[in-house]
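Step one of this worksheet: look at the structure below.
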Amino acid sequence: MRVEIWSDIACPWCYIGKARFEKGLAAFAHRDEIEVVHRSFELDPNRPKGDTAPVIDMLAKKYGRTLEEARAMEAHVASNAHSEGLGYRTEGRDHGNTFDIHRLLHLAKERGRQNELLDLAYRANFAEERSVFDAETLVRLGVEAGLDEAEVRSVLADENAYADAVRADEREAAELGANGVPFFVLDRRYGISGGQPAEVFTQALEQAWQGRALQPVGGDAAACDADGTCEVPGPSGA
């Protein structure tokens, strides 16, 4: 059975949701028979390449909040990440266009290193002091993931390389009704939105495996919308 996951490196709930999905998958009896494929979804596709801004400033502007309120929002997301054993920096991160990262992830998919590169990119963006919007950082991440450096540089230098693959993923997301990420599609029959708890993913996998109609499981889960807005639930949210 195949599970496809639409996500964006700039989406904190995709980072958290991936960890929760993997915990849910680990508890699934047929986990070794599941193929996981990651698909492209840009939260800010119209942002010019090279135009980056501090995340705190971006949040304050987008939500009409003060810088202090934006920092509190980030602190809440960080607590969710930490509860999953993930690193998360609330200061010093950038926000920008992720098209090059998605193109590189398609190269990594062809080379069988997609999951490795995705994990490294998430960690660099959310937990480390490395900007994923810098070309040299992407080269280093690609090499760390096991890709050939010359091939990585060639892809980044050619704006058309894997561009069609990224756009195809995004069109498919729209056709499937995905208006936010993370968005999980199980066996091309069932969809799950948001960074749900691990047990929700396990239950969904079991239902999909058995071929039953997927019943609503769990409550609303945090996600990032197609317009780049990332939901930040209150302290009692997941």
Side-chain angles (χ1 to χ4, degrees), residues 1-9 11-43 80-81 83-86 98 101-123 145-147 162 164-226 238:
M1 188 169 74
R2 172 180 286 190
V3 176
E4 296 163 278
I5 306 173
W6 273 262
S7 60
D8 192 10
I9 291 298
C11 165
W13 298 111
C14 296
Y15 175 49
I16 295 167
K18 183 177 187 293
R20 291 174 175 173
F21 169 77
E22 289 174 348
K23 289 181 181 179
L25 179 61
F28 178 54
H30 303 282
R31 57 187 173 274
D32 293 335
E33 298 174 70
I34 301 299
E35 176 191 11
V36 179
V37 178
H38 295 278
R39 303 289 192 191
S40 299
F41 191 108
E42 295 172 273
L43 288 173
N80 277 263
S83 70
E84 302 300 332
L86 301 172
T98 56
I101 305 170
H102 286 296
R103 294 194 301 111
L104 206 57
L105 283 165
H106 276 278
L107 167 66
K109 178 185 174 185
E110 286 190 355
R111 301 295 179 263
R113 309 301 294 175
Q114 186 185 50
N115 193 63
E116 288 80 1
L117 179 58
L118 186 60
D119 280 342
L120 286 167
Y122 274 139
R123 191 178 310 131
L147 300 177
Y162 297 100
D164 288 346
V166 175
R167 299 304 183 212
D169 277 357
E170 294 174 335
R171 285 194 301 271
E172 200 162 15
E175 291 167 1
L176 291 169
N179 55 13
V181 285
F183 184 65
F184 303 79
V185 176
L186 285 61
D187 206 26
R188 277 299 163 125
R189 293 183 291 168
Y190 315 119
I192 303 175
S193 297
Q196 300 280 354
E199 57 269 21
V200 171
F201 287 116
T202 303
Q203 181 181 346
L205 287 164
E206 290 170 350
Q207 291 179 352
W209 186 266
Q210 294 168 16
R212 301 182 304 184
L214 192 63
Q215 301 298 316
V217 287
D220 292 337
C224 294
D225 293 337

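FYI, side chains are in, hydrogens and waters are out, and symmetry mates aren't considered; it's all heavy atoms of this structure.
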Test side chain to side chain contact (heavy atoms under 4.5 Å, CB included) applied to Ala173 - qualifying residues, sequence neighbours left out
Trp6, Phe41, Ala178
What residues form a side-chain hydrogen bond (donor to acceptor under 3.5 Å, both in side chains) with Asp187, not counting sequence neighbours?
Arg189
Less than 4.5 Å apart, any side-chain heavy atom of Met1 and any of Leu205?
yes
Residue list, side-chain hydrogen bond (donor to acceptor under 3.5 Å, both in side chains) with Ser40, at least two apart or on another chain
His102, His106
Smallest heavy-atom separation, Leu117 atom then Ala108 atom, equals CD2-CB, 3.8 Å
Could you grab the distance from atom NE2 of His38 to atom CG of Asp169, nearest 0.5 Å is fine?
12.0 Å
Test side-chain hydrogen bond (donor to acceptor under 3.5 Å, both in side chains) applied to Glu35 - qualifying residues, sequence neighbours left out
Arg2
My understanding is that only residues two or more places apart in sequence, or in another chain, count here; which of them pass side-chain hydrogen bond (donor to acceptor under 3.5 Å, both in side chains) with Arg188?
Glu4, Glu172
OG1 (Thr98) and CG (Asp8) are apart, to the nearest 0.5 Å, by 3.5 Å
If you define the side chain from C-beta out and look only at heavy atoms, does anything of Val3 sit under 4.5 Å from Leu25?
no
Which heavy-atom pair separates Pro182 from Gly195 by the least distance, and what is that distance?
CG-N, 3.9 Å
Closest non-hydrogen atoms of Tyr122 and Cys11, given as atom of the first, atom of the second and distance, are CE2-O, 4.4 Å
Qualifying residues under side chain to side chain contact (heavy atoms under 4.5 Å, CB included), relative to Glu116, sequence neighbours excluded:
Arg113, Ala145
Glu22: side chain to side chain contact (heavy atoms under 4.5 Å, CB included) partners, not counting sequence neighbours:
Lys18, Asn115
Nearest non-hydrogen partners of Leu86 and Ile16, listed with the distance
CD1-CA, 4.0 Å
Thr202 side, atom OG1; Arg31 side, atom CZ - distance, nearest 0.5 Å:
10.0 Å
Which residues share a salt bridge (charged side-chain N to carboxylate O under 4.0 Å, His left out) with Arg111, sequence neighbours left out:
Glu151
My understanding is that only residues two or more places apart in sequence, or in another chain, count here; which of them pass ring-ring contact (aromatic ring centres under 6.0 Å, His included) with Phe201?
Phe21, Phe184
To the nearest 0.5 Å, tell me how far Trp13 CH2 sits from Arg20 CZ.
6.5 Å
Nearest-0.5 Å distance, OH of residue Tyr162 to NZ of residue Lys109
10.5 Å
Report the distance from atom CZ of Arg123 to atom CG of Leu118, rounding to the nearest 0.5 Å.
10.5 Å
